[in-house]
Amino acid sequence: MDFALNDDQRAIQDAARQFAEAELAPHSAEWDETKHFPVDVMRQAAEMGFCGIYTGEEHGGMALGRVEAALIFEELSRGDVSTAAFISIHNMATWMIDKFGSDDLRARYVPSLVSMERIASYCLTEPGSGSDAAGLRTTARLDGDHWVLNGSKAFISGAGTSDVYVVMARTGQDGPKGISTFVVEKDAPGLSFGAQERKMGWNSQPTAIVAFDDCRIPAANLLGKEGDGFRYAMMGLDGGRLNIAACSLGGARLALEAAQAYVTTRKQFSKPLSDFQNVQFKLADMATQLEAARLLVLRGAWAMDTRHPEATKWCAMAKRFATDACFQIADEALQLHGGYGYLKDYPLERIVRDLRVHRILEGTNEIMRVITAREMLRQ
């Protein structure tokens, strides 16, 4: 075992940290307050390669591994959790097109997605099928040289703003084997969007329903093979789960750093809070949980990079543990700030709000337990 990062990984980590400190952190509170989607700043991130991290080099991607992606997303989320999380989603959708698309689809979409000239969204969840993703009801039928889509997707990050939607729809039998994946452009006839959702957190990115009403797209916009779409979606989610876990690491790290600084200066009963053993124990537990979460995320990333047969299990375990632990770290950090932690003058309440949804999306943490147990019992 070697826990040290190599020179290239340290350089990538440093670059992401510097970008986050310069371009994300100073604006995080304002973006949250005004619900601003910072497309211009994300395009600056794209110039550094952060919007095509593990996309192939042929069309402009960095072709890095999942370990490097985890390092990048931890640093970006320390600057702003919500924006880093959207960049993660964009990476997932871009990778799916690059990985499974035809040569024509890849040439048409990947270069502009890697540069973030065009923005991508991932569309799996539906109003009636969240955790039961294989039970989705959005349909696609072939009509001459077009696919016609009907149905809707819920909780879609980027909806209404994104230019490209990677959509899972039913083309055959019930269950996962009847699902295919499509690339849908924003101006496709029959595509519309619901009102923007009013959310607890993740306010720097838009979220809405994506609706398909006889939405017609070219037949060539089928991604990969008909009937393989659910498999593509799940492969995308393995990496997406690691990314969102890494985004939790960054938010929790910022919360821990804020708490550590606060307790050394805040006095109660004529001495700093840091002199109280109870506070010291809290800090020690928070730091231990953060380090354990990071190691499990990197273990899952290593499993993906090496194509380990148990990669799906490790990704599910990492997502479940890291998002739970990091939310608890942020909550403890807020508690250590007392009443001040509840104020928007401090970053804690925003971090708690942003991290809470990580325990739900990319598969709820209850589903992560199901996946882990299922993979264990197959052995």
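Just so it is clear, the values below take in all heavy atoms, side chains as well, and ignore hydrogens, waters and symmetry mates. In this chain, numbering begins with 1 at the start of the sequence shown.
Annotation for L142 and A219: closest pair CD1-CB, 4.2 Å, computed over non-hydrogen atoms. The shortest heavy-atom contact between S28 and R350 is OG-NE, 3.1 Å. When all heavy atoms of V297 and A245 are compared, the pair lying nearest together is CG2-CB, 3.7 Å. Minimum heavy-atom separation, S121 to I156: CB-CG2, 3.9 Å. Smallest separation of non-hydrogen atoms from I217 and V183: CD1-O, 3.9 Å. Considering every non-hydrogen atom in both L348 and A255, the closest pair reads CD1-CB, 3.8 Å.
Side-chain atoms of H337 come within 3.5 Å of backbone N or O of A333 as a donor-acceptor pair. Checked by atom type and distance alone, the side chain of R118 never pairs as donor or acceptor with a backbone atom of D163 at under 3.5 Å. Judged by distance alone, the side chain of S77 and the main-chain N or O of D80 form no donor-acceptor pair under 3.5 Å. With hydrogens and angles disregarded, a donor-acceptor distance shorter than 3.5 Å links the side chain of T264 to the backbone of A261. For Q196 (side chain) and A159 (main-chain N/O), a donor-acceptor pair under 3.5 Å exists by modelled atom type. Looking at Q13, its side chain never comes within 3.5 Å of a backbone N or O of I72 through a donor-acceptor pair. The closest donor-acceptor contact from the side chain of N91 to the backbone of I87 lies under 3.5 Å. Using a distance-only test at 3.5 Å, with no hydrogens or angles considered, no donor-acceptor pair links the side chain of E23 to the main chain of A20. Proximity of a side-chain donor or acceptor of S88 to a complementary backbone N or O of A84 within less than 3.5 Å is not detected. Between the side chain of N6 and the backbone N or O of Q9 there is at least one donor-acceptor pair closer than 3.5 Å.
Salt-bridge formation is detected for the pair R231/D228: a Lys NZ or Arg NE/NH1/NH2 atom is positioned less than 4.0 Å from an Asp or Glu carboxylate oxygen. D285 has no carboxylate O lying under 4.0 Å from a charged side-chain N of K282, or vice versa, which leaves the two without a salt bridge. We find that R369 and D324 are joined by a salt bridge, their nearest charged nitrogen and carboxylate oxygen being less than 4.0 Å apart.
Rounding to the nearest 0.5 Å gives a distance of 5.5 Å between CD of E362 and CD1 of I244. Put simply, NZ on K186 and OG on S162 are 8.0 Å apart, with the number rounded to the nearest 0.5 Å. Taking CD of E47 as the reference point, atom CZ of F19 lies at 8.5 Å (rounded to 0.5 Å). One distance of note links OG of S248 with CD1 of I351; it measures 11.5 Å at 0.5 Å rounding.
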> Can K344 and E349 be said to form a salt bridge (charged side-chain N to carboxylate O under 4.0 Å, His left out), step by step?
Replying inline: CA-CA 7 Å; K344 289 184 180 290; E349 61 84 29; 3.7 Å; yes

> Could you walk me through whether E30 and H36 pass the side chain to side chain contact (heavy atoms under 4.5 Å, CB included) check?
Replying inline: CA-CA 8 Å; E30 178 189 354; H36 174 67; over 6 Å; no

> Given the rule in the side chain to side chain contact (heavy atoms under 4.5 Å, CB included) test, do H358 and W202 qualify, once you have shown the distances and angles that lead to the verdict?
Replying inline: CA-CA 10 Å; H358 294 192; W202 271 27; 3.2 Å; yes

>> As a quick check of understanding, evaluate salt bridge (charged side-chain N to carboxylate O under 4.0 Å, His left out) for D40 and R43, giving each step before the final call.
In response: CA-CA 5 Å; D40 55 338; R43 284 177 175 153; over 6 Å; no

>> Under the criterion side chain to side chain donor-acceptor pair (under 3.5 Å), I'd like the reasoning laid out for R108 against N221: C-alpha separation, chi angles, the key distance, then a yes or no.
In response: CA-CA 10 Å; R108 271 198 287 148; N221 280 31; 3.1 Å; yes

> Which is it for D305 and R66 under the salt bridge (charged side-chain N to carboxylate O under 4.0 Å, His left out) test, yes or no, and what are the steps along the way?
Replying inline: CA-CA 6 Å; D305 285 340; R66 301 296 176 146; 5.2 Å; no

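In summary, the side chains of T207 and K199 do present a donor paired with an acceptor at a separation below 3.5 Å, with no hydrogens or angles considered. The closest side-chain donor-acceptor pair between T312 and D238 falls under 3.5 angstrom. Using modelled atom types, one finds a donor on one side chain and an acceptor on the other under 3.5 Å when comparing Y54 with N243. Between the side chains of S180 and E226, no donor-acceptor pair of N or O atoms lies under 3.5 Å. A donor-acceptor contact closer than 3.5 angstrom is absent between the side chains of R170 and N150. A donor-acceptor contact closer than 3.5 angstrom links the side chains of T138 and E126. A donor-acceptor contact closer than 3.5 angstrom is absent between the side chains of T372 and R320. S204 and T83 form a side-chain donor-acceptor contact under 3.5 Å, judged by distance and modelled atom types alone.
V67 and L290 end up in different hydrophobic clusters when Ile, Leu, Val, Met, Phe, Trp and Tyr side chains are linked at under 4.5 Å. Put simply, L237 and F73 are part of the same group of oily side chains (I, L, V, M, F, W, Y) that touch within less than 4.5 Å, one to the next. M92 and V184 fall into different hydrophobic clusters, where Ile, Leu, Val, Met, Phe, Trp and Tyr side chains are chained together by heavy-atom contacts under 4.5 Å. By the criterion of side-chain heavy atoms lying less than 4.5 angstrom apart, applied directly or through intervening Ile, Leu, Val, Met, Phe, Trp or Tyr residues, F182 is not grouped with V166; the two fall into different hydrophobic clusters. Hydrophobic clustering (ILVMFWY, side-chain heavy atoms < 4.5 Å, transitive): L361 and F155 are in distinct clusters.
For the pair T34 and N203, the minimum side-chain heavy-atom distance is 4.5 Å or more. With a 4.5 Å cut-off on side-chain heavy atoms, L256 and L283 count as touching. M96 is listed as a side-chain neighbour of Y122, based on a closest heavy-atom distance under 4.5 Å. You'll find the side chain of E291 reaches within 4.5 Å of the side chain of L295, heavy atoms only. Put simply, the side chain of W95 does not reach to within 4.5 Å of the side chain of L113, judged on heavy atoms. Considering only heavy atoms from C-beta on, W314 stays 4.5 Å or farther from W302 through its side chain. Residues F212 and V148 fail the side-chain proximity criterion, which asks for heavy atoms closer than 4.5 Å. Counting heavy atoms from C-beta outward, W147 and C215 have side chains that stay 4.5 Å or more apart.
For residues 242-265, the pairs satisfying salt bridge (Lys or Arg N to Asp or Glu O under 4.0 Å) are E74-R253, E75-R253, R78-E257, R253-E257, with sequence neighbours left out.
Using the six-membered ring where Trp is involved, F193 and Y165 have ring planes that are tilted, between 30° and 60° apart.
By the neighbour-count criterion of 12 heavy atoms within 6.0 Å, atom OH of Y340 is sparsely surrounded, having that number or fewer from other residues, nucleotides or ligands. Within 6.0 Å of atom CD in Q335, 12 or fewer heavy atoms from other residues, nucleotides or ligands are found, so the atom counts as exposed in its surroundings. The number of heavy atoms from other shown groups lying within 6.0 Å of OH (Y232) is above 12. The number of heavy-atom neighbours closer than 6.0 Å to CD of Q260, taken from other residues, nucleotides and ligands shown, is 12 or below.
Partner of H90 under the side-chain contact (heavy atoms from CB on, under 4.5 Å) criterion, chosen from V114, V164, I119: I119.
Geometrically, K271 engages F276 in a cation-pi contact defined by less than 6.0 Å to the ring centre and at most 45° from the axis.
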